[in-house]
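Below is one structure, written out as structure tokens; the observations come after it.
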Amino acid sequence: MFETLTAAPPDKILNLSVLYKADPRPEKMDLGVGVYKDASGATVIMKAVREAEKRLYDSQSTKTYVGMGGDEGFNKGILKMVFGDNADLSRMFACQTAGGSGALRTIADLLKRAKPDATVWLSDPTWANHAPILKAANLPTATYPYFDAASGAVKFDAMLEGLKAAKPGDVILLHGCCHNPTGANLRLAQWEKVAALLVERNLFPFIDLAYQGFGDGLEEDCAPVRLLATKVPEMAIATSCSKNFSVYRDRVGAVILLGKDAESVKIAGSQALTVTRVLYSMPPDHAAAAVRIILEDDALHANWKAELEDMRLRMLNLRKGFADALRRQSNSDRFDFIADHRGMFSRLGLTEAQVDRLRDEYGIYMVGDSRFNVAGLKEDRLEELAKAVVSVL
Ligand code: PMP
């Protein structure tokens with residue numbers, strides 16, 4: 001049986017971690033793997049999550065199955081987190097999933113059932129797992145122009161033009177905020193234009209919302225999805241709690257569906273649940289229960305928001321500090337885009353050979369496309385890093 005297989009290629013980003021760990025140089029810098037890190041380089045458990053876990057430990061009396069859609073309190077809390085406390089949830093459905101990845105795959109399978117001939121359009125570039133997840137669901141993909149490497153900005157006109165090649169009923173995958181890997185995001189006025197195009201051409205928005213709270217703020221980061229919800233008849237959103245609750249390994253996210261009316265979204269939701277049933281039967285409970293406890297308790301909710309806001313502001317400061325250092329070291333505004341970007345990543349715009357040199361000569365690790373993790377930057381080493389970057393240009 002297994003003799004028919006050849007070894008799968010190693011995951012580039014995870015492989016980078018292996019190399020980093022094996023590097024004996026004390027001054028090495030890990031800007032590769034996409035997890036939030038604090039100033040000491042640790043990915044800590046958030047205090048609110050710790051407290052919620054304690055309460056869970058004290059109150060949980062059984063480990064029996066929760067149900068196909070997971071924790072209903074969690075699902076309601078996530079809907080409010082994304083659409084606001086006073087949102088009309090009558091055309092919406094949510095179910096808890098195994099991480100944002102589980103949500104992406106569930107939506108992909110659901111779309112395949114709903115419209116087998118749909119093509120899913122991805123931004124060029126996009127998160128490395130999008131295309132493989134869609135492929136696993138047998139959905140064809142195509143790309144639309146997105147990132148202008150020279151300026152570090154979104155090529156908005158080209159994006160709109162590119163999207164016009166999509167046929168009615170096609171699916172457009174958009175990053176709700178904090179685009180990964182580029183860090184370049186649409187402004188709200190541009191989202192308005194995208195929404196108009198989606199409606200005019202009968203295209204279906206599929207939003208990946210993996211970094212809510214990491215960009216302009218917890219509410220602000222949802223302005224695009226909230227805007228879309230007022231314009232488009234239907235939409236699917238894959239959310240993740242991995243980053244904003246820092247519960248990566250516990251695997252919690254959600255599928256959110258917006259339907260034309262209450263009846264149609266109920267039907268779509270029932271199909272989504274039969275998708276997860278065959279994928280993994282039921283989502284893991286632990287972190288979802290902790291998130292639910294946080295979202296339902298005013299004091300804990302406020303603590304979590306404050307902690308998340310500290311993380312966001314730290315990344316913004318690092319962005320600004322790094323852009324300033326690069327401006328000094330390069331004597332140019334070439335890297336100013338880093339301060340304008342939002343989220344955990346930006347791309348420096350280096351060649352793969354330059355990225356290799358940073359690793360070999362300085363022990364600075366980033367992904368081959370020069371994507372770096374902003375949270376991996378060190379406040380007191382920005383100048384040194386900028387100098388190294390400029391030296392390989
Ligand atoms: N979407 C994007 C854009 C991501 O960057 C990630 C994580 N790196 C995910 C989805 C999935 O996150 P998870 O499955 O860990 O919740």
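Counting starts at 1 for both ligands and their atoms, in listed order.
- The residue from Ala103, Ser242, Gly102 that puts a heavy atom closest to atom 16 (O) of ligand 1 is Ser242.
- Between the CD atom of Gln329 and the CG atom of Asp324 there is a distance of 12.0 Å, given to the nearest 0.5 Å.
- Phe2 belongs to a hydrophobic cluster whose remaining members, ordered by chain and number, are Met1, Leu5; membership requires side-chain heavy atoms of ILVMFWY residues under 4.5 Å apart, directly or through intermediates.
- Ranked by closest heavy atom to atom 3 (C) of ligand 1, the top entry among Thr239, Asp208, Thr97, Val247 is Asp208.
- The distance from ligand 1 to the heavy atoms of Ser101 drops below 4.0 Å at these ligand atoms: 11 (C), 13 (P), 14 (O).
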Which atom pairs, one a donor and one an acceptor, fall under 3.5 Å between side chains of residues 147-160 and the rest of the protein, sequence neighbours left out?
{"from": "Asp148", "atom 1": "OD2", "to": "Ser151", "atom 2": "OG", "distance (Å)": "2.7"}
{"from": "Ser151", "atom 1": "OG", "to": "Ala153", "atom 2": "N", "distance (Å)": "3.3"}

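- Expressed to the nearest 0.5 Å, how far CZ of Arg314 lies from CE of Met311 amounts to 9.5 Å.
- When each atom of ligand 1 is checked for a heavy atom of Ser240 under 4.0 Å away, the hits are 12 (O), 13 (P), 16 (O).
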Residues Glu51, Arg55; criterion salt bridge (charged side-chain N to carboxylate O under 4.0 Å, His left out); working and verdict: CA-CA 6 Å; Glu51 173 57 27; Arg55 292 187 196 178; 2.9 Å; yes

Pair Asp117-Lys167, salt bridge (charged side-chain N to carboxylate O under 4.0 Å, His left out): steps then yes or no: CA-CA 10 Å; Asp117 62 342; Lys167 62 183 188 306; 5.5 Å; no

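- The distance criterion of under 3.5 Å between nitrogen or oxygen atoms is met by Arg251 with respect to ligand 1.
- When hydrogens are left out, the protein atom nearest atom 8 (N) of ligand 1 is Lys243 NZ, 3.3 Å; that is the closest non-hydrogen contact.
- Judged by distance alone, the side chains of Tyr362 and Ser391 do bring a donor and an acceptor atom under 3.5 Å apart.
- Closest heavy-atom approach to atom 5 (O) of ligand 1 among the candidates Phe345, Tyr211, Tyr248, Trp127: Tyr211.
- For ligand 1, the polar-atom distance check finds an N/O of Asn180 within less than 3.5 Å of one of the ligand's N/O atoms.
- Listed by atom number, the atoms of ligand 1 under 4.0 Å from Gly100 heavy atoms are 13 (P), 14 (O), 16 (O).
- Only the side chain of Ala210 comes within 4.0 Å of ligand 1, judged by heavy-atom distances.
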